[in-house]
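Keep in mind the model is a prediction, meaning the values are calculated, not measured.
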Amino acid sequence: MQNLVDLILEQPNAPSIIEEAKTRLEKEKESRQHFYAIIDENIKAEFVNGQIIYHSPVKKEHNDVAGGLFFLLKGFVTKFKLGYLGFDKLMVSLTRNDFEPDICFFNQEKAQHFEKGQMHFPAPDLAVEVLSSNEQHDKEVKYKDYELHGVKEYWIIDPNTETVEQYLLKEEKYELHLKATDGHIESIAVEGFRIPIRAIFDEQQGMEALMNLLQKEEDK
């Protein structure tokens with residue numbers, strides 16, 4: 001951030017650049033309020049860098065992957081009362097942007113403050129995005145914004161190649177911890193949640209993984 005400020009201040013027209021930025025941000029605030037006024041539970045949309053992004057219906061493989069992973073996380077998080085799990089249209093409202101992650105997890109400390117009727121949620125502890133037509137948003141815009149707002153763990157899943165990328169926040173920057181199509185993945189945000197990667201993409205393996213995971217935790 002400081003380097004960017006320094007670059008602006010080196011310009012002879014720095015005051016006009018700053019004024020233009022202020023003007024644009026004010027217009028963006030107005031657009032965001034309009035966005036809040038027109039959306040409802042029947043519309044899937046996000047507010048990204050001043051633009052309203054409407055989402056088209058997802059393909060089967062996207063639905064299968066997002067639903068399969070949610071099934072695994074929901075069973076685990078609910079049984080052990082770890083926090084709150086959001087799916088598909090739950091809106092995460094950050095400083096400038098409003099995202100609807102495919103899956104997001106909030107620890108118990110955050111979840112205890114959630115109320116009935118709430119429509120805007122803070123930065124989660126884990127965000128999961130299943131790639132679709134807006135791949136750039138997931139890999140660039142959301143990546144940077146989740147990183148900036150301290151989302152400690154970010155998964156990007158490609159349903160076509162059946163690959164999972166796991167990023168962990170270290171010293172305020174994301175580091176790629178895992179990129180794989182097989183083996184196991186273990187969450188740091190959802191403590192104790194460790195599953196075979198194939199369980200995300202295969203329904204039967206997903207069922208077996210959840211049963212094994214819950215039994216293993218009960219035996220401790």
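Summarising the geometry, atom CD1 belonging to Ile8 is positioned 10.0 Å from atom CG belonging to Asn13; distances are rounded to the nearest 0.5 Å. In this structure, the separation between CG on Leu73 and CG on Leu210 is 9.5 Å, given to the nearest 0.5 Å. Note: Glu191 CD to Leu82 CG = 8.0 Å, rounded to the nearest 0.5 Å.
Under the side-chain hydrogen bond (donor to acceptor under 3.5 Å, both in side chains) criterion, Asn97 pairs with Asn49, Asp145, sequence neighbours left out. A search for salt bridge (charged side-chain N to carboxylate O under 4.0 Å, His left out) contacts involving Asp158 returns nothing, not counting sequence neighbours.
For Asp6 (side chain) and Leu9 (main-chain N/O), no donor-acceptor pair under 3.5 Å exists by modelled atom type. Using modelled atom types, no side-chain atom of Asp138 and backbone atom of Glu129 make a donor-acceptor pair closer than 3.5 Å. Counting only distance, with no hydrogens or angles, the side chain of Lys139 and the backbone of Ile156 share no donor-acceptor pair below 3.5 Å. Checking side-chain atoms of Lys110 against main-chain N and O of Ala123 turns up a donor-acceptor pair under 3.5 Å. A donor-acceptor pair under 3.5 Å is formed between the side chain of His62 and the backbone N or O of Val130. Under a 3.5 Å cut-off, the side chain of His120 and the backbone N or O of Asp98 do not form any donor-acceptor pair.
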Could you walk me through whether Glu30 and Lys27 pass salt bridge (Lys or Arg N to Asp or Glu O under 4.0 Å), step by step?
-> CA-CA 5 Å; Glu30 293 177 4; Lys27 290 182 178 179; over 6 Å; no

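Pairs passing the side-chain hydrogen bond (donor to acceptor under 3.5 Å, both in side chains) check and including a residue from residues 164-173, sequence neighbours excluded, read Glu153-Gln166, Glu165-Tyr167. Screening residues 40-59 for ring pair (Phe, Tyr, Trp, His ring centres under 6.0 Å), with sequence neighbours left out, gives Phe35-Phe47.
Between Lys142 and Glu100, the shortest heavy-atom distance links the atoms NZ-O, 4.4 Å. Residues Pro159 and Val65 share a closest heavy-atom pair of CB-CG2, 4.0 Å. Among all heavy-atom pairs drawn from Trp155 and Ser187, the shortest one is CZ2-CB, 4.2 Å. Across Ala189 and Leu126, no two heavy atoms sit closer than the pair CB-CB, 3.9 Å. Contact detail for Ala127 and Val151: the closest heavy-atom pair is N-CG1, 4.0 Å. Among all heavy-atom pairs drawn from Pro122 and Phe114, the shortest one is CD-CE2, 3.8 Å.
With a 6.0 Å radius and a threshold of 12 heavy atoms from other residues, nucleotides or ligands, Gln118 has its CD atom above the threshold. Within a 6.0 Å sphere centred on NE2 of His184, other residues, nucleotides and ligands contribute more than 12 heavy atoms.
At a threshold of 4.5 Å between non-hydrogen side-chain atoms, the residues Glu208 and Met211 do not count as touching. Taking the side chain as every heavy atom from C-beta outward, Pro101 and Tyr146 approach each other to under 4.5 Å. Between Leu85 and Ile103 the shortest side-chain heavy-atom distance falls below 4.5 Å.
For the pair Arg24 and Glu20, the salt-bridge criterion is met [side-chain N within less than 4.0 Å of a carboxylate O]. The existence of a salt bridge linking Lys144 and Glu147 is excluded, since no basic side-chain nitrogen approaches an acidic carboxylate oxygen closer than 4.0 Å. Looking at Glu26 and Lys29, a side-chain N of the basic residue comes within less than 4.0 Å of a carboxylate O on the acidic one, giving a salt bridge.
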Mind listing the side-chain donor-acceptor pairs of residues 195-203 below 3.5 Å, one per line with the distance, residues two or more places apart or on another chain?
unit_1, atom_1, unit_2, atom_2, d
Arg198, NH1, Glu162, OE1, 2.9
Arg198, NH2, Glu162, OE1, 2.6
Asp202, OD1, Gln204, N, 3.1
Asp202, OD1, Gln205, N, 2.8

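Residue Ile188 is found in a hydrophobic cluster whose other members, listed by chain and number, are Leu168; membership requires side-chain heavy atoms under 4.5 Å apart, directly or through intermediates.
Ring pair Tyr84/Phe121 is parallel by interplanar angle, where below 30° counts as parallel and above 60° as perpendicular.
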